[in-house]
Amino acid sequence: MKKMIAIAAIAVCGAAHAQTNVTVYGLLDTAIDYNTNADAAGHSRTWMPSLGGGMFPSRIGFRGTEDLGGGLKAIFTLETGIYTDSGTTGQGNRLFGRQAWVGLAGNWGQVTLGRNYNMLYNSMPEVEIIGPAQYGLGSLDAGIPNGRTDNSLAYKGTFGAVTVGATYSLGRDVSNAGGPGGTNCPGEAAADAQACREWSAMLRYDTPTWGITSAYDRKNGGTGAAAGLTTSNLKDSRLHLAGYTKFDAWRLAAGAVVRDNEGSSATPRSNLYYFDGAYKLSPAVTVDGLAGRLDYKNSGNDSTLTMLRAIYDLSKRTSTYVAIGHVSNSGTAAVALSAGGAVGAGMAQNGIIAGIKHSF
């Protein structure tokens with residue numbers, strides 16, 4: 001059934017080409033990953049991660065615009081997450097799990113309806129220098145690279161150096177697949193209007209050489225929702241503040257994500273601090289890295305992650321890379337280096353990942 005739907009979507013895009021400017025695009029990133037202490041017995045593991053490569057998660061998408069006149073455009077995006085290790089779809093096995101929205105755009109910004117990125121995610125470009133990669137910030141907080149909301153209305157506009165944005169969701173996640181891909185909170189219930197609502201806001205200031213960014217995101221719980229948010233009066237909120245600078249061959253950034261998660265009775269409050277940077281050794285070679293710490297209030301279950309990566313650009317679209325990483329866990333913390341990976345509770349983990357990325 002999913003194959004039939006995908007073929008139909010492609011056919012629709014092709015038929016609409018005469019009236020609408022439609023682009024097919026994608027990115028494939030596949031890697032081999034080696035991790036130590038992948039279980040409580042201290043065994044190592046060599047594997048091919050499903051949830052993303054050493055640079056980006058894989059995807060294929062369709063985006064289009066239609067000029068409606070007077071500076072107004074119709075816009076849409078349909079984007080599928082792909083697990084290149086197995087050929088299956090991601091984000092809770094959705095067909096268009098990364099993005100699925102339609103809207104209008106003009107010199108006042110754009111408004112879109114559907115499955116949108118929230119503003120926490122939109123606040124990360126420029127400051128999340130290594131990107132949504134394995135061994136990245138998503139290992140310390142999976143909510144950062146998975147900032148998408150179902151049933152949502154989104155606005156974003158850029159006015160000179162200032163970018164503002166906001167989202168509001170009537171039911172943030174209809175999938176019950178578990179993990180960051182599906183948290184079983186569909187909302188839109190007559191008996192509880194606040195169940196599974198989510199809203200976010202963003203304010204950015206960007207110049208050619210530096211910038212600052214901020215965002216706030218708040219999720220409501222609902223009956224049966226994951227991560228302890230089982231009632232609509234329980235909320236999970238994140239505040240992100242960060243800044244960056246670019247000079248010569250350098251890019252540097254630092255930031256913090258302050259979280260208050262009422263779904264966790266033991267450790268509701270935490271601070272995630274990070275510093276990352278990149279240096280372009282030559283037109284084809286870039287070295288970048290990250291240091292991050294997840295600190296839970298009134299708890300010894302904290303984690304610290306560091307990584308260093310080298311990227312060699314074979315062309316504008318194709319790159320190879322290798323990265324090394326280390327995560328240390330204290331108490332009963334069990335943060336793994338890789339999304340979808342595992343580590344013994346309270347144990348440190350070392351890893352090395354190498355792969356290839358191609359975009360089209």
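Keep in mind it's a predicted model, so treat the numbers as computed, not measured.
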Any side-chain donor paired with an acceptor under 3.5 Å for N301 and T332? yes
Look only at the side chain of D248 and the backbone of W250, and say whether a donor-acceptor pair between them is shorter than 3.5 Å. no
Taking everything shown except I32 itself, do over 12 heavy atoms lie less than 6.0 Å from its CD1? no
Taking N184 for its side chain and A225 for its backbone only, find out whether a donor-acceptor pair lies under 3.5 Å. no
I129 backbone acceptor or donor facing D276 side chain under 3.5 Å: yes
Just by modelled atom types, is the P57 backbone N or O under 3.5 Å from a matching donor or acceptor in the R59 side chain? yes
Kindly say whether V335 contributes a backbone atom to a donor-acceptor pair with the side chain of N329 at under 3.5 angstrom? yes
Shortest non-hydrogen separation from L104 to A74 and the atoms involved: CD2-CA, 4.1 Å
Verify the distance criterion only: is there a donor paired with an acceptor across the side chains of Y244 and D206 at less than 3.5 Å? yes
Check whether the side chains of Y279 and R251 place a donor and an acceptor atom closer than 3.5 Å, and report yes or no. no
Side chains of S200 and T167: any donor to acceptor distance under 3.5 Å? yes
Given the side-chain rings of F247 and W210, with only the six-membered ring counted for Trp, is the space between their centroids under 6.0 Å? no
Between D33 and Y135, does any side-chain donor sit less than 3.5 Å from a side-chain acceptor? yes
Pairing donors with acceptors under 3.5 angstrom, does anything connect the side chains of T231 and N233? yes
Can you find a side-chain donor-acceptor pair between N118 and E198 that sits under 3.5 Å? yes
When you look at CZ of R269, are more than 12 heavy atoms from neighbouring residues, nucleotides or ligands closer to it than 6.0 Å? no
Looking at T84, L51, D85, which one forms a side-chain contact (heavy atoms from CB on, under 4.5 Å) with S58? T84
Is T77 reaching over with its side chain to a backbone N or O of W101, donor-acceptor style, under 3.5 angstrom? no
Residue from R259, R218, R197 passing salt bridge (charged side-chain N to carboxylate O under 4.0 Å, His left out) with D236: R259
Report yes or no: do T183 and R172 form a side-chain donor-acceptor pair below 3.5 Å? yes
Quick one: do the K280 and T286 side chains pair a donor with an acceptor below 3.5 Å? yes
Is it true that a side-chain atom of Q134 and a backbone atom of I353 form a donor plus acceptor pair closer than 3.5 Å? no
Quick check, are the ring centers of Y168 and W199 under 6.0 angstrom apart? no
Closest non-hydrogen atoms of G341 and R45, given as atom of the first, atom of the second and distance, are CA-NH1, 4.1 Å
Using every non-hydrogen atom in the two residues, find where A254 and F275 come nearest and quote the distance to one decimal. CB-CD1, 4.0 Å
With I60 as partner, the option from T89, T80, L78 fulfilling side-chain contact (heavy atoms from CB on, under 4.5 Å) is T80
When rounded to the nearest 0.5 angstrom, what distance separates OG1 in T245 from CG in L252? 7.0 Å
Classify the side-chain pair H326/T306 by whether it contains a donor and acceptor separated by less than 3.5 Å. no
Check: S169 side chain, D150 main-chain N or O, donor-acceptor pair, under 3.5 Å: yes
On a heavy-atom basis, which atom in N107 and which in F159 lie closest, and how many Å separate them? O-CE2, 3.9 Å
Decide whether W47 and N35 meet the rule of one side-chain donor and one side-chain acceptor closer than 3.5 Å. yes
Verify whether one side chain among N116 and T149 offers a donor that lies under 3.5 Å from an acceptor in the other. no
Y25 OH: over 12 foreign heavy atoms closer than 6.0 Å: yes
Spell out, as yes or no, whether a donor-acceptor pair under 3.5 Å connects the side chain of T267 to the backbone of Y296. no
